[in-house]
Amino acid sequence: MKRTALLWGLNPVIALVFSTGCFSAAPGTDEGDPGAKDAGAARCLTPEDASRLEDQVFQLVNLERAEAGLPPVVIDPALQKIAAGYACRMIEEGFFGHREPASGYGPGERAMIGKYSFFAVGENLAAGQETTADVMRVWMESPSHKAIILGERWSELGMAVRLGGQYSIYWVQIFGDPTDY
């Protein structure tokens with residue numbers, strides 16, 4: 001049985017604080033409770049080909065940006081670490097969303113804790129898509145996710161893919177507009 005995804009996105013904002021994300025279930029999934037725990041699948045695994053998958057998404061993001069006349073983003077190690085940590089946190093703690101249930105922290109707070117200095121950050125989440133083409137298609141078909149990918153202010157990106165949890169595969173993108181110091 002193939003699992004399809006839940007998808008979350010934030011509208012780009014100019015401040016450090018983000019509005020709430022949107023929630024929509026992909027075709028063939030139940031919306032259910034996005035915070036519901038899956039007690040049987042709490043181990044976060046890194047796919048053997050994680051670097052290749054993350055690089056493919058990175059290349060697809062920059063292809064979309066080039067087609068829109070936007071400059072490319074570059075990979076930032078701090079954002080990579082934040083994205084990977086958050087993917088694992090969702091898997092291990094059995095939730096899916098931009099706000100961590102226990103702390104209420106969102107992308108901005110996670111970036112600050114991860115010591116990423118920024119003017120703004122944006123985050124795209126997806127779960128259940130089995131290929132990079134699928135996850136990018138779903139994000140680009142969603143106006144709020146597409147707006148993040150094509151945000152003019154972004155110059156850096158962190159990308160992670162992890163296995164486990166209710167949806168089997170989790171994708172996290174964190175875009176950054178860094179400060180100069």
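On a predicted model such as this, the values are computed, not experimentally measured, just so you know.
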_Could you check whether Asn124 and Gln173, counting side-chain N and O atoms only, form a donor-acceptor pair closer than 3.5 Å?_
yes
*Can a salt bridge be assigned to the pair Arg43 and Glu92 using a cut-off of 4.0 Å between side-chain N and carboxylate O?*
no
*Atom SG in Cys44, atom CZ in Arg89: separation rounded to 0.5 Å?*
10.5 Å
*Are Lys146 and Trp139 side-chain neighbours, meaning at least one heavy-atom pair lies under 4.5 Å?*
no
*Nearest heavy-atom pair of Ala78 and Gly114: which atoms, and what distance?*
CB-O, 4.4 Å
*Report the distance from atom CD of Glu141 to atom CE of Met136, rounding to the nearest 0.5 Å.*
11.0 Å
_Let me confirm one number: the CG-CG distance from Leu60 to Asp55, rounded to the nearest 0.5 Å._
9.5 Å
_Can you confirm whether Leu125 sits close enough to Tyr170 that some side-chain heavy atom of one is under 4.5 Å from a side-chain heavy atom of the other?_
no
_How long is the straight-line distance from CD of Glu100 back to CE of Met90, given to the nearest 0.5 Å?_
9.5 Å
*Applying the 4.5 Å side-chain criterion to the ILVMFWY set and letting contacts propagate, would Val135 and Met140 be lumped into a single cluster?*
yes
*Any Phe118 side-chain heavy atom under 4.5 Å of Pro178 side chain*: no
*Measure the shortest side-chain to side-chain distance between Phe58 and Met159 over non-hydrogen atoms and say whether it is less than 4.5 angstrom.*
no
*Is there side-chain contact between Leu150 and Arg65, with at least one heavy-atom pair below 4.5 Å?*
yes
*Do Trp171 side-chain atoms and Ala160 backbone N/O form a donor-acceptor pair below 3.5 Å?*
no
*asked:* Which heavy atom of Gly176 sits nearest to which heavy atom of Tyr116, and what is that distance?
replied: CA-OH, 3.4 Å
*Give me the ring orientation class for Trp154 and Phe175: parallel if the planes are under 30° apart, tilted from 30 to 60°, perpendicular past 60°.*
tilted
*Just wondering, do Thr131 and Gln56 contact through their side chains at under 4.5 Å, heavy atoms?*
no
*asked:* If hydrophobic clusters are built by linking Ile, Leu, Val, Met, Phe, Trp and Tyr wherever their side-chain heavy atoms come under 4.5 Å apart, do Leu63 and Val57 end up in the same one?
replied: no
*Quick one: do Gln129 and Val138 satisfy side chain to side chain contact (heavy atoms under 4.5 Å, CB included)? Show the steps, please.*
CA-CA 9 Å; Gln129 295 82 8; Val138 170; 3.9 Å; yes
*asked:* With a 6.0 Å cut-off (strictly less than), is the heavy-atom count around CD of Gln59, excluding the residue itself, greater than 12?
replied: yes
*Would you kindly confirm whether Val74 and Leu70 end up in one hydrophobic cluster when ILVMFWY residues are joined by side chain heavy atoms under 4.5 Å apart?*
no
*Would you say Ile174 and Tyr105 are hydrophobically clustered, going by side-chain heavy atoms of ILVMFWY under 4.5 Å?*
no
*asked:* So does Asp177 get a backbone contact from the side chain of Arg153, meaning a donor-acceptor N/O pair under 3.5 Å?
replied: no
_Taking every non-hydrogen atom, the tightest pair across Pro47 and Leu163_ = CG-CG, 3.7 Å
*Between atom OG of Ser117 and atom CE of Met112, what is the distance when rounded to the nearest 0.5 Å?*
10.5 Å
_Ion pair check, Glu54 and Arg162, cut-off under 4.0 Å_ = yes
*What heavy-atom pair brings Ala87 and Val172 nearest, and what distance separates the two atoms?*
CB-CG2, 3.8 Å
_Are there over 12 heavy-atom neighbours, none belonging to Glu48, within less than 6.0 Å of that residue's CD?_
no
_NZ or CZ of Arg110 within 45° of Tyr86 ring axis and under 6.0 Å_ = yes
*asked:* On a heavy-atom basis, which atom in Leu157 and which in Val73 lie closest, and how many Å separate them?
replied: CB-CG2, 3.8 Å
*How many angstroms lie between NZ in Lys81 and CG in Asp76, if you round to the nearest 0.5 Å?*
12.0 Å
